[in-house]
Q: 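One structure, pasted below without further comment.
Keep in mind that what you see is a predicted model, and the values were worked out from it rather than measured.
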Amino acid sequence: MPEISLHHAHPWDVPPKEAVEIQRQLAPLVREAPLDFEAVRTVAGLDVSVRDDRVRAAVVVYDVRAREVVEHAIWEGPTPFPYVPGLLSFREVPAILPALERLRQRPDVYMLDAQGRAHPRRFGLACHLGVLLDAPALGVAKSILVGRHAPLAEPKGSAQPLVHKDETVGLALRTRERVKPVYVSVGHRITLRDAGRLALGLAEKYKLPQPTHLAHRLSYRGSL
DNA sequence: GCGACAG
DNA sequence: ATCTTGTCGC
């Protein structure tokens, strides 16, 4: 079992003010690059649920060719940080990392139930995890943190850029007809275009792509 | 100063 | 995120 090596590690138990400073320091490290789909066999779906003062992180490793879950893991622990808009990663990453350590294999791509660059400082949870792991990552959120977009057409696959302060930070993407869209954004080592393609391609049965949908189920119910 | 605000 | 049954519509 390969050990997880973190890039640019830093403390998590810090006051909000310092957390913001850490984000500003790491944001420039985010890289956008084409995703080599030929080399992608597995996509990890990640999600964290909260129960009283406990958090439960769940990871599902989804084989994109076989279209099935090949491995999954859970980790539970005390809630380390309150929910503060813009600082979600400081609440969830400390639980996600130990969950990832319980996997036997390293996923090729990480898909988060959160924002990537569509964040006030361009450093949402998907960016944070991507930079720490130095691996391809993308965010697929159910609602907007920052930015606006034009109305979407009806068909599945319709999309509109999500713009914040004159900058395209994400994509409003309709993954199912007549269903509210999801918000895709770059986490790390992927382009917005490829992130959109991946999210749409994995949205087989539900609004959310399979990896994220299943991870949400696993963290919420405790089983698949 | 007043709203908005991933999960 | 979480608390929760039925119900309307494709």
Q: Name each donor-acceptor pair under 3.5 Å that joins a side chain in residues 189-201 of chain A to protein atoms two or more places apart or in another chain, with its distance.
A:
unit_1, atom_1, unit_2, atom_2, d
A:Arg189, NE, A:Asp134, OD1, 2.8
A:Arg189, NH2, A:Asp134, OD1, 2.9
A:Arg189, NH2, A:Asp134, OD2, 3.3
A:Thr191, OG1, A:Asp194, N, 3.0
A:Thr191, OG1, A:Asp194, OD2, 3.4
A:Asp194, OD1, A:Arg197, NH1, 2.9
A:Asp194, OD2, A:Leu35, N, 2.8

Q: When rounded to the nearest 0.5 angstrom, what distance separates CG in A:Leu132 from NE2 in A:His188?
A: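 Separation between the atoms: 9.5 Å.
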
Q: Find the distance between CG (A:Leu100) and CG (A:Leu129) and round it off to the nearest 0.5 Å.
A: 6.5 Å

Q: Within the 4.0 Å heavy-atom criterion, would you say A:Leu46 contacts the bases, only the backbone, or no part of the nucleic acid?
A: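 Answer is nothing: A:Leu46 stays at 4.0 Å or more from every strand.
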
Q: Let me have DNA chain B in dot-bracket notation, would you? Count Watson-Crick plus G-U wobble pairs, both distances under 3.5 Å, and use [ ] for pairs crossing earlier ones and | for inter-strand partners.
A: .......

Q: If you walk 5' to 3' along DNA chain B, what is the first nucleotide with an atom under 4.0 Å of a heavy atom in chain A, and what is the last?
A: B:dC5 to B:dG7

Q: Which parts of residues 71-85 of chain A get close to DNA chain C, meaning a heavy atom less than 4.0 angstrom away?
A: none

Q: Identify whether any heavy atom of A:Glu92 sits under 4.0 Å from a base atom; if not, whether one sits that close to sugar-phosphate; answer base, sugar-phosphate or nothing.
A: sugar-phosphate

Q: Can you list, in residue-number order, the parts of residues 125-145 of chain A that come under 4.0 Å of DNA chain C, counting heavy atoms only?
A: A:Lys142

Q: With A:His213, which residues qualify under ring pair (Phe, Tyr, Trp, His ring centres under 6.0 Å), at least two apart?
A: A:Tyr206

Q: Sequence neighbours left out, what pairs pass salt bridge (Lys or Arg N to Asp or Glu O under 4.0 Å) with at least one residue falling in residues 57-85 of chain A?
A: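 Every salt bridge (Lys or Arg N to Asp or Glu O under 4.0 Å) pair that includes a residue of residues 57-85 of chain A, provided the two are not neighbours, is A:Arg41-A:Asp63, A:Arg56-A:Glu76, A:Arg67-A:Glu204.
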
Q: Please classify the nucleic acid contact of A:Tyr220 as base, sugar-phosphate, or nothing, using heavy-atom distances under 4.0 Å.
A: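 Answer is sugar-phosphate: A:Tyr220 comes under 4.0 Å of backbone atoms only.
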
Q: Quick one: which residue pairs count as a ring pair (Phe, Tyr, Trp, His ring centres under 6.0 Å) with a foot in residues 47-89 of chain A, not counting sequence neighbours?
A: A:Phe81-A:Phe90

Q: Charged N to carboxylate O below 4.0 Å: is that the case for A:Arg117 and A:Glu32?
A: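 Yes.
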
Q: Only one of A:Pro120, A:Ser185, A:Ser89, A:Cys127 passes side-chain contact (heavy atoms from CB on, under 4.5 Å) with A:Gln115; say which it is.
A: A:Ser185

Q: For residues 143-157 of chain A, which side-chain N or O atoms pair as donor and acceptor with protein atoms under 3.5 Å away, sequence neighbours left out?
A:
unit_1, atom_1, unit_2, atom_2, d
A:Lys156, NZ, A:Ala203, O, 3.4

Q: Would you grab the first and last nucleotide of DNA chain C (5' to 3') that comes under 4.0 Å of any non-hydrogen atom in chain A?
A: C:dA1 to C:dC10

Q: With the 4.5 Å side-chain cut-off for hydrophobic clustering, are A:Val64 and A:Val60 part of the same group?
A: yes

Q: On DNA chain C, nearest-nucleotide positions of A:Arg178 versus A:Val48: which is more 5'?
A: A:Val48

Q: Both atom distances under 3.5 Å, Watson-Crick or G-U wobble: I'd like the secondary structure of DNA chain C as a dot-bracket string, with | for pairs made across strands.
A: ..........

Q: Show every ring pair (Phe, Tyr, Trp, His ring centres under 6.0 Å) that has at least one partner inside residues 23-61 of chain A, sequence neighbours left out.
A: none

Q: Take the angle between the ring planes of A:His10 and A:Trp12 and call it parallel below 30°, perpendicular above 60°, tilted in between.
A: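 Aromatic pair A:His10/A:Trp12 classed tilted.
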
